[in-house]
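Lettering follows sequence order; numbering is per chain, from 1.
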Amino acid sequence: MPELPEVETLRRELEPRLRGRVIRSLSTFPSRVFQLDPAVLEAAVTGQTIHTVSRRAKYLIFELDRWYWIIHLGMTGQLTLLDEPMENNGSSSSGGDTHIALVARLSRGRTLRFRDVRKFGRVMLFSRDGDGLDSRLGSLGPEPLGSDYLLEDFLGKLAQRKARIKSVLLDQKLVAGVGNIYADEALFKAGVHPARRVRYLRRWEKVRLFETIPQVLERAVLHGGTTLRDYRRSSGMPGTYQIWLQVYGRDGQPCTQCDSIIQKMVISQRGSHFCPYCQPRKPRPRPVA
DNA sequence: AACCTTCCCTGATGGC
DNA sequence: TGCCATCAGGGAAGGT
């Protein structure tokens, strides 16, 4: 499931290779992912230059002359960049793959392709003239790898919450870009049980969580993200962070730290993985180290 | 406002 | 081998 590290990996790969390219043509194929009339999208982006590729939360943003062209990968979205123009006599077809949503042909023979099997992804277009982008992407919290990620803000938001910490971490208003995998991994690293109620967390536990979130995300970016099934880098290659997962998807296997068996429970309709010893239900005294 | 549930969507998986 | 139920989950919508 593409979360911040996967989208950021794509951004880093695409930025230098798309910057300055012109979108020569865009072909779309019927798909629920389009938030606007695909014909309008085709007309709007054709001829536009890609100035930068940025990211906000799990949204990838192509800044064009007049537009912000935005893609969210949802659950199974794949964005690949081919160095050759599409084979087959120039017409951008889907090559028989029914899951392809769009094919963009770029200047100097590059092809950008978006494929999404489960169609939870989204393709959006906003005018650069309108309101700021942020207001149109919903109420998103700070970027955990950015300079507005601040402890006092984090603690202040948590102070108003009574739900379980796992479901609060999945709420993009607290921290933007964290999804199910990295929420579980950050909770493990912080030693916090996912089902703990936020109001009963000790301050030092919240501080540890504040610190582990960017640590886990940054390390995942370093490894090109996590590929469990569908996620692919822009080259089509899988990420490699799945090797380093400590709890996600490891239920029934021994904890790498203590050999306890990793457990799984459902919180907010999401599978939540944890070590019952490293992440006790009741807080232990603060470790000396 | 916070919280919770339901829904969307399709391929993989497992039971029988 | 085939059939069917179940599962995966980001984000929006709707109810309390």
Side-chain angles (χ1 to χ4, degrees), chain A residues 1-8 10 29-36 55-61 70-79 94 96-101 114-124 126 133-141 143-144 153-187 194-201 213 217 220 225-232 238-239 242 245 247-252 262 264-274:
Chain A
M1 310 83 222
E3 304 179 25
L4 185 152
E6 289 73 34
V7 182
E8 177 61 19
L10 283 173
F29 304 90
S31 174
R32 284 184 49 94
V33 301
F34 295 105
Q35 295 280 71
L36 72 161
R55 178 190 59 76
R56 178 76 172 103
K58 302 168 193 173
Y59 296 92
L60 198 60
I61 302 161
I70 296 171
I71 294 182
H72 191 296
L73 299 177
M75 295 290 304
T76 54
Q78 298 170 334
L79 202 53
S94 59
D97 184 336
T98 57
H99 301 304
I100 296 198
F114 180 49
R115 178 177 189 269
D116 186 8
V117 171
R118 277 158 69 183
K119 302 172 174 57
F120 279 23
R122 290 292 175 264
V123 176
M124 307 181 273
F126 296 128
L133 244 198
D134 244 50
S135 63
R136 290 182 281 188
L137 293 178
S139 39
L140 297 170
E143 286 293 325
D153 175 54
F154 184 82
L155 295 174
K157 280 181 185 153
L158 285 186
Q160 302 159 38
R161 302 299 214 107
K162 295 190 168 75
R164 300 175 193 277
I165 184 61
K166 171 64 184 288
S167 65
V168 173
L169 280 183
L170 293 179
D171 182 346
Q172 301 297 296
K173 292 195 286 294
L174 177 74
V175 180
V178 175
N180 207 37
I181 294 174
Y182 299 108
D184 280 5
E185 294 298 310
L187 284 165
R196 299 266 307 278
R197 296 270 171 188
V198 170
R199 59 174 301 199
Y200 295 124
L201 293 179
I213 290 167
L217 296 173
T226 301
T227 296
L228 296 176
R229 176 168 300 172
D230 299 290
Y231 167 70
R232 288 293 180 275
Q242 60 278 10
L245 294 177
V247 286
Y248 187 89
R250 296 196 65 244
D251 43 307
I262 301 299
K264 180 180 181 181
M265 67 187 294
V266 174
I267 300 171
S268 300
Q269 344 297 345
R270 299 290 176 256
S272 300
H273 313 72
F274 62 97

Euclidean distance, A:Phe126 CZ relative to A:Leu133 CG, rounded to 0.5 Å: 7.0 Å
Test item: A:Arg122 side-chain N/O and A:Met124 main-chain N/O as donor-acceptor pair under 3.5 Å: no
Distance-only side-chain donor-acceptor flag, A:Tyr182 / A:Thr226, under 3.5 Å: yes
Value in whole Å for how far the P atom of C:dA12 lies from CZ of A:Arg136: 15 Å
Helix axis bend for the helix from B:dA2-C:dT16 to B:dC16-C:dG2 - C1'-based end axes, five pairs, 10° rounding: 50°
Interatomic distance, A:Met75 atom CE to A:Met1 atom CE [nearest 0.5 angstrom]: 4.5 Å
Touch class at under 4.0 angstrom, heavy-atom based, for A:Gly138 against every strand present: nothing
Nucleotide nearest A:Arg197 when distance is taken to its side chain, options B:dC4, B:dC3, B:dT6: B:dC4
Between C:dG10 (P) and A:Glu6 (CD): distance, integer Å: 10 Å
Touch class at under 4.0 angstrom, heavy-atom based, for A:Arg115 against every strand present: nothing
Heavy-atom side-chain proximity of A:Arg197 to A:Lys162 below 4.5 angstrom: no
Ring geometry between A:His273 and A:Tyr248 (parallel below 30°, tilted from 30 to 60°, perpendicular above 60°): tilted
A:Lys264 side chain near C:dA8 phosphate (N/O to OP1/OP2, under 4.0 Å): yes
Nearest to side-chain heavy atoms of A:Lys58, which nucleotide of C:dG10, C:dA12, C:dA8: C:dG10
Atom pair distance, as rounded to whole Å: CG in A:Leu140 and P in C:dG11: 8 Å
From C:dG10, B:dT5, B:dC4, nucleotide with atom closest to A:Met75 side chain: C:dG10
Full working for salt bridge (charged side-chain N to carboxylate O under 4.0 Å, His left out) between A:Arg56 and A:Glu143: CA-CA 7 Å; A:Arg56 178 76 172 103; A:Glu143 286 293 325; 2.9 Å; yes
Residues within residues 171-185 of chain A bordering DNA chain B, heavy-atom distance below 4.0 Å: none
Distance-only side-chain donor-acceptor flag, A:Arg115 / A:Gln78, under 3.5 Å: yes
Pairwise side-chain contact, A:Leu158 with A:Ile165, heavy-atom cut-off 4.5 Å (strictly under): yes
Atom pair distance, as rounded to whole Å: NZ in A:Lys162 and P in B:dC4: 11 Å
Sugar-phosphate, base or nothing in reach of A:Met1, heavy atoms under 4.0 Å: sugar-phosphate
Nearest-Å distance for atom pair CG/P, residues A:Asp116 and C:dG10: 13 Å
Whole-Å gap separating P (C:dA8) and NE2 (A:His273): 8 Å
Any A:His72 side-chain nitrogen or oxygen under 4.0 Å from OP1 or OP2 of C:dG11: yes
Between OH on residue A:Tyr59 and CG on residue A:Leu73, distance to nearest 0.5 Å: 11.5 Å
Side chain A:Ser272, main chain A:Arg270, donor-acceptor under 3.5 Å: yes
Closest-nucleotide 5' rank along DNA chain B - winner of A:Arg270 and A:Arg161: A:Arg161
Sugar-phosphate, base or nothing in reach of A:Arg122, heavy atoms under 4.0 Å: nothing
Nearest heavy-atom neighbours spanning A:Ile213 and A:Pro144: CG2-CB, 4.1 Å
Interatomic distance, A:Tyr231 OH vs C:dG10 C1' [rounded to whole Å]: 17 Å
Whole-Å distance separating the CD atom of A:Gln269 from the P atom of C:dA13: 18 Å
Using the 3.5 Å cut-off, write out each protein N or O paired with an N or O of nucleotides 9-11 of chain B and the distance between them.
residue, atom, partner, partner atom, Å
B:dC9, OP1, A:Arg32, NE, 2.5
B:dC9, OP1, A:Arg32, NH1, 2.5
B:dC9, O2, A:Arg118, NE, 3.4
B:dG11, OP1, A:His99, NE2, 3.0

Validation row: A:Val178, A:Leu217 side chains within 4.5 angstrom (heavy atoms): yes
